[in-house]
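Note sheet for the following structure.
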Amino acid sequence: MHLLGIHHLTAISANAKNNHAFYAGLLGMRLVKKTVNQDDTSAYHLFYADGEGSPGTDLTFFEFPLPPERRGTHSITRTALRVNGADALAYWEKRLAAAGVPLTPVREIDGRLTLDFEDPEGQRLSLVDDGGTGDAHAWAKTDVPAACQIRGLGPIRMSVPELRRTKLFVEGVYDMREERDFENPDDKASRIHVFRMGEGGPAAELHVAVEPGKQPAIQGAGAVHHVAFRSADADYTNWLARYAEIGLRSSGPVDRFWFRSLYVREPNGVLFEIATDGPGFAADEPKETMGEALSLPPFLDPKRAEIEAGLTPL
């Protein structure tokens, strides 16, 4: 039993319409699921992914009317998205600059060509060259050339004031393995420790920055809510048993309809989720039209008219 890599990352936006324009428009990602937060149905939950809605490619957003986050430690601080090669990064540097997006020119970080930038709400993102490893599923309904499209999620960076407890947790509970560390490009006095899942590589790494001098973050618009790690469907009950065996306080089993989830906070307070690959986003609508209409899990469908009336059209 082992984790397969990053499953999805969920962040916070205060404006779903502008968020959609940026991620589906400028970044050319496919909106594969337009739904609501299952615990607060007044809020959109938007899922952007590759052309197939593949596990490990979805970047998702809750729409909460919050002020901007206060940046700091005890938080996820940067989300990487994978592209293939230097030519793709050159394309994105030109495209983002033309749109007025704040960015740092392409540079090498941890041995990979990387382009750091921010969305309009200050969400910290990177495009990382993954060398074309793994499957890619382009999205036809975007003006971004297929060869330059975002292929999926890359390494997720989190910040902690001290490493020991987080290291013990991810190695002991999840069997992650620390492979290396490198100088933090945003703070040369600190190091970033790379923990590998499964077969490793940019789609299966958690990067932990040790930043003891920072204040704790306060979530808001532009913040990350949680990161989810991929589990094979057959291993889900084994993860429940693992948590129970070691006495971890968790959410217990949660069925999100498109995948099953299990939530826990690691010792420095960052929310981790385990999510299964299946059933997948085509479980309730044709793959060809995913994301075009409001999609609700069966237990919310009786309230569809009420929920839809409370949402602002994208």
Side-chain angles (χ1 to χ4, degrees), residues 2-3 5-12 59 66 68-81 109-112 114 116 118 122-126 128 153-198 200-230 239 242-243 246-251 261-275:
H2 60 272
L3 297 171
I6 307 297
H7 185 281
H8 69 266
L9 179 130
T10 296
I12 298 170
L59 178 58
L66 296 173
E69 74 159 330
R70 185 183 81 181
R71 293 180 176 181
T73 191
H74 299 286
S75 66
I76 295 170
T77 57
R78 188 171 292 277
T79 303
L81 305 166
I109 299 175
D110 188 32
R112 298 177 182 133
T114 303
D116 291 341
E118 295 185 7
Q123 186 70 230
R124 286 166 284 181
L125 303 163
S126 300
V128 174
L153 288 168
I156 304 302
R157 185 188 304 173
M158 59 183 279
S159 171
V160 298
E162 57 90 21
L163 181 64
R164 184 184 63 86
R165 292 188 302 160
T166 295
K167 176 180 170 70
L168 287 172
F169 187 88
V170 299
E171 291 182 338
V173 177
Y174 297 133
D175 197 29
M176 294 188 194
R177 300 170 299 287
E178 184 173 2
E179 283 200 326
R180 61 189 183 278
D181 63 84
F182 62 95
E183 182 180 84
N184 188 340
D186 300 325
D187 179 3
K188 297 189 183 302
S190 69
R191 307 288 294 179
I192 295 176
H193 299 257
V194 177
F195 292 88
R196 165 183 172 172
M197 290 163 265
E205 289 178 358
L206 179 66
H207 289 190
V208 182
V210 182
E211 300 176 309
K214 290 191 172 183
Q215 63 185 351
I218 297 178
Q219 287 193 343
V224 171
H225 189 271
H226 65 270
V227 61
F229 307 123
R230 286 180 63 194
W239 286 112
R242 168 76 67 86
Y243 280 17
I246 59 181
L248 274 180
R249 293 182 58 188
S250 75
S251 63
S261 297
L262 179 62
Y263 301 85
V264 70
R265 289 195 182 274
E266 58 83 41
N268 275 294
V270 176
L271 184 59
F272 286 171
E273 175 185 354
I274 288 175

* Structure fact -> Checking His74, Glu211, Lys214 against Pro161 for side chain to side chain contact (heavy atoms under 4.5 Å, CB included), the one that qualifies is His74

* side-chain contact (heavy atoms from CB on, under 4.5 Å) evaluation trace for Leu206 with Val170 -> CA-CA 9 Å; Leu206 179 66; Val170 299; 4.1 Å; yes

* Asked: Residues two or more places apart in sequence or in another chain: which of them pass ring pair (Phe, Tyr, Trp, His ring centres under 6.0 Å) with Tyr174?
  -> Phe169, Phe229, Trp239

* To do: List in chain and number order the residues that pass ring pair (Phe, Tyr, Trp, His ring centres under 6.0 Å) with His226, two or more places apart in sequence or in another chain; answer none if no residue qualifies.
  => His8, Tyr263

What's the spacing between [X] [atom1] and [Y] [atom2] if we round to 0.5 Å?
X: Ser75; Y: Gln219; atom1: OG; atom2: CD; answer: 8.5 Å
X: Ile6; Y: Leu153; atom1: CD1; atom2: CG; answer: 7.0 Å
X: Arg164; Y: Asn268; atom1: CZ; atom2: CG; answer: 10.0 Å
X: Arg191; Y: Glu183; atom1: CZ; atom2: CD; answer: 6.5 Å
X: Leu168; Y: Glu266; atom1: CG; atom2: CD; answer: 11.5 Å

Salt bridge present between [X] and [Y] (N-O < 4.0 angstrom):
X: Arg71; Y: Glu118; result: yes
X: Arg157; Y: Glu205; result: no
X: Glu178; Y: Lys167; result: yes
X: Asp175; Y: Arg196; result: no

* Asked: Stepwise, does the side-chain contact (heavy atoms from CB on, under 4.5 Å) test hold for Thr79 with Val224?
  -> CA-CA 9 Å; Thr79 303; Val224 171; 4.1 Å; yes

* **is_close_aromatic(Phe182, His207), centroid dist under 6.0 Å** => yes

* Assess the side chains of Ser261 and Glu273: does a donor N or O sit below 3.5 Å from an acceptor N or O? => yes

* Is there a side-chain contact between Leu9 and Ile76, using heavy atoms and a 4.5 Å cut-off? -> yes

